[in-house]
There are 2 protein chains.
Amino acid sequence: MTSPAAFAATAALMAEPPRAAMLQALLSGEALTAGELARVAGIGAPAASAHLARLVEGGLVAVHPQGRHRYHRLASEEVAAAIETLGGLAADVAPVARRWPHGDAFRAARLCYDHLAGRLGVALHAGLTGRGWIAPAPGGWAATPAGEAGLAALGVDLPAARRARRFACDCMDWSERRAHLAGGLGREIAACCLRRHWVARLPGREEGDSLARRRLALTPEGARRLGEALGVAA
Amino acid sequence: MTSPAAFAATAALMAEPPRAAMLQALLSGEALTAGELARVAGIGAPAASAHLARLVEGGLVAVHPQGRHRYHRLASEEVAAAIETLGGLAADVAPVARRWPHGDAFRAARLCYDHLAGRLGVALHAGLTGRGWIAPAPGGWAATPAGEAGLAALGVDLPAARRARRFACDCMDWSERRAHLAGGLGREIAACCLRRHWVARLPGREEGDSLARRRLALTPEGARRLGEALGVAA
DNA sequence: GCGGTGCTTCGGGCCCGTGCGAAGGACAGG
DNA sequence: CCTGTCCTTCGCACGGGCCCGAAGCACCGC
C-alpha cells in the first residue's frame, strides 16, 4: 500500500476520459501507436502525446519506438488487473444507461491484457487448481509435476512461461467475481489456445469500440480439448 | 465494463489526495464521522463535506446519519477490492521513498473492509477450496455440505453469511497476488475469528496513520484451531 | 536529397475543481 | 429555551490541467 498522495497520483492517471479510453484499448494486449490511441481517445495528436507521456512517466504504459512509430502497451499485468477491477466497479456504480453494450458475449470469453478472462478464464483457473496442476506458492502459484506433464501435452510453452517476471498469479475477473490466471503461465496458455485455434478472436464492431478486439469465442475443437484435459465446459 | 467516461469518473473520485486518504481510512471497515475523515485527510470541514458528498453521489461511500454525527462507510466490498487493487498498483509504480512503512507486518494479516486479507486471508482461501468446503458457483462460490458442517463447527454464522448480497466471491490480495475470500462468508469468518480471539487487532502507531487500524495478528489459539480445521500455518 | 508522415514541443486560452472563511440548519444536553 | 458541537451551504479566489494551432524533429520511401 502507498501514501494517499501516490495512490491519488496513480488514480489520476486513469481519471480523464481520454486516458481511460486509451487504457481500455490497451487492455486488448495489443501494442498501439500514438496516432491510433489519439483516435481511440477522440483527441488531437498533441493532447494524446501529452497524455501518453504522463502514462509512461507514471509507469502504467511502456513504449517501444520502432522507426517513426511509437508503440504503446500496458506496462504490466498489474496495471491490467487494476484497470479491469476499476472497470468492474464503475459498471456497478454507473447508471445503467452508461454501460457498454457488450454484456454477455463479453462475459463468456475475452482477453485481459495477455491472458484469458471471462467464464472461460475462470473455468480454466478452476480446472488447473481442481486437478492439482498448480499449487500455492509464495507470490502466486507453481506448477506441480502432474501440471507440467499435462500442460506440456496441451502444447503450452512452459519454459517461456518461466521466463516471465511472475510464473502464475491471480487476476480478478470483474464479470465473474472470481480469480482467473495471469502471469507467464496465463500468457502462454492464451497463446497456445490462439495458436491452435481453440479460441478465436471475434470480429469486432468497428471504430471507436476500444473493447471489441478483446472478445473471444471457444471453438468446438477448443471445447473438446479443454473439456477433456481440464473439465472446461462450453 | 463501462464507457471511458464512467470509468474516468469513478477513477476521478480516487484521484485527489484528500479523497484517497479518506478511502484508505475507510478500508479498515469502520464507519467514521465526517470530522474524523476531515482530520485524516488534513483538510477543513467544508472541503471534507464536499468530498464526501461526491463520494456518496458516486456510489463509493454510504452514509448513516446518527444524531448530529454522520457516519461514513465504504458502499460495498467491490469498492474495497478496487481500492486495494489500485493501492497495490501504486505501490508497484511509486518510487520506493513514497511507500508506506507498513511492509511485512501488514502483509501477514490485515482486514480488507470486512474480511481477512494478507497471507492469512490467502491461506484461508486455499484451505477452503483445497478441502472442498466451497465449490465454484455462478458469480462466486457456494458452500458444499462438508463446508457447511465444517464452518458451522468452527462457529461461523452461515445464515448471516447467506443474507449478504453475495455469499462468497474472490477479492484480489495485492500483497500476495492471489485471491482471498470476500462476500458474506468472508465477513462472517472474519467476525468469527475476531469474536473467538483467533486473530487480534494490533495496536497501531497512532495518528494520521490511516492504515494502522487494519493490522491483525494470528493468536496461538487461532493458529491451532485454523491449522487443525483448514491447514492454515502460522 | 526531398516530400510525406508520425510524433513531439511550444504558446496561449479556457474551464473545472479545490480550498478557505463566514454564515446557516440540525441535533444533544443543561 | 439557549449554548455548544457537528455538519452543511454559500461566495470567492487561486491554481492546475486540458485542448488546440503552429512550428520543430525524426524517420521512411522514392
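Numbered from 1 within each chain, the chains take letters A, B, ... in sequence-line order. Just so it is clear, the structure is predicted and the values come from calculations on it, not from any experiment. Scope of the values below: all heavy atoms of this structure, side chains included, with no hydrogens, waters or symmetry mates.
- Side chain of B:Ser49, nearest nucleotide from D:dT8, C:dC7, D:dC20: D:dT8.
- Closest to the side chain of A:Arg68, out of D:dC27, D:dC7, C:dT9, is D:dC27.
- Centroid-to-centroid, the aromatic rings of B:His125 and B:Trp141 come within less than 6.0 Å.
- As a whole-Å value, the separation of B:Leu52 CG from D:dT8 P is 7 Å.
- Residue-level contact check: B:Ala34 touches the backbone only, with heavy atoms under 4.0 Å from sugar-phosphate atoms and none from bases.
- Nearest-nucleotide positions on DNA chain C place A:Thr33 closer to the 5' end than the other of B:Ile43 and A:Thr33.
- Atom CD in A:Glu36 sits about 10 Å away from atom P in C:dG6, given to the nearest Å.
- Along DNA chain D, the nucleotide closest to A:Pro46 and the one closest to B:His72 are compared, and the more 5′ of them pairs with B:His72.
- Among the nucleotides C:dG19, C:dC7, D:dC18, the one closest to any side-chain atom of A:His69 is C:dC7.
- Taking only side-chain nitrogens and oxygens, A:Arg19 comes nearer than 4.0 Å to OP1 or OP2 of D:dC18.
- By the 30° and 60° cut-offs, the orientation of the rings of B:His69 relative to B:Tyr71 is tilted.
- Atom CG in A:Leu55 sits roughly 12 Å away from atom P in C:dT8 (whole-Å rounding).
- Residue A:Ala47 has its side chain nearest to D:dC20 when only D:dC20, C:dG19, D:dT8 are considered.
- Distances were taken from every side-chain heavy atom of A:Arg54 (C-beta onward) to each of C:dT8, D:dC20, D:dG17; the shortest belongs to D:dG17.
- Taking atom CZ on B:Arg70 and atom P on C:dA28, their separation rounds to 14 Å, with Å as the unit.
- Summarising the geometry, the separation between CG on A:Leu37 and P on C:dC7 is reported as 9 Å, rounded to the nearest angstrom.
- Distance CG (B:Leu13) to P (C:dG17): 11 Å, rounded to an integer number of Å.
- Taking only side-chain nitrogens and oxygens, A:His51 comes nearer than 4.0 Å to OP1 or OP2 of D:dC19.
- Contact check for B:Leu27 versus B:Arg214: side-chain heavy atoms found under the 4.5 Å cut-off.
- Rounded to a whole Å, the CD atom of B:Glu16 is 12 Å from the C1' atom of D:dG15.
- Put simply, CD on B:Gln66 is 19 Å from P on C:dA26, counting in whole angstrom units.
- Here A:Glu78 pairs with A:Arg165 in a salt bridge; the nearest charged N to carboxylate O distance falls below 4.0 Å.
- Atom CD of B:Glu221 has more than 12 heavy atoms from other residues, nucleotides or ligands within 6.0 Å.
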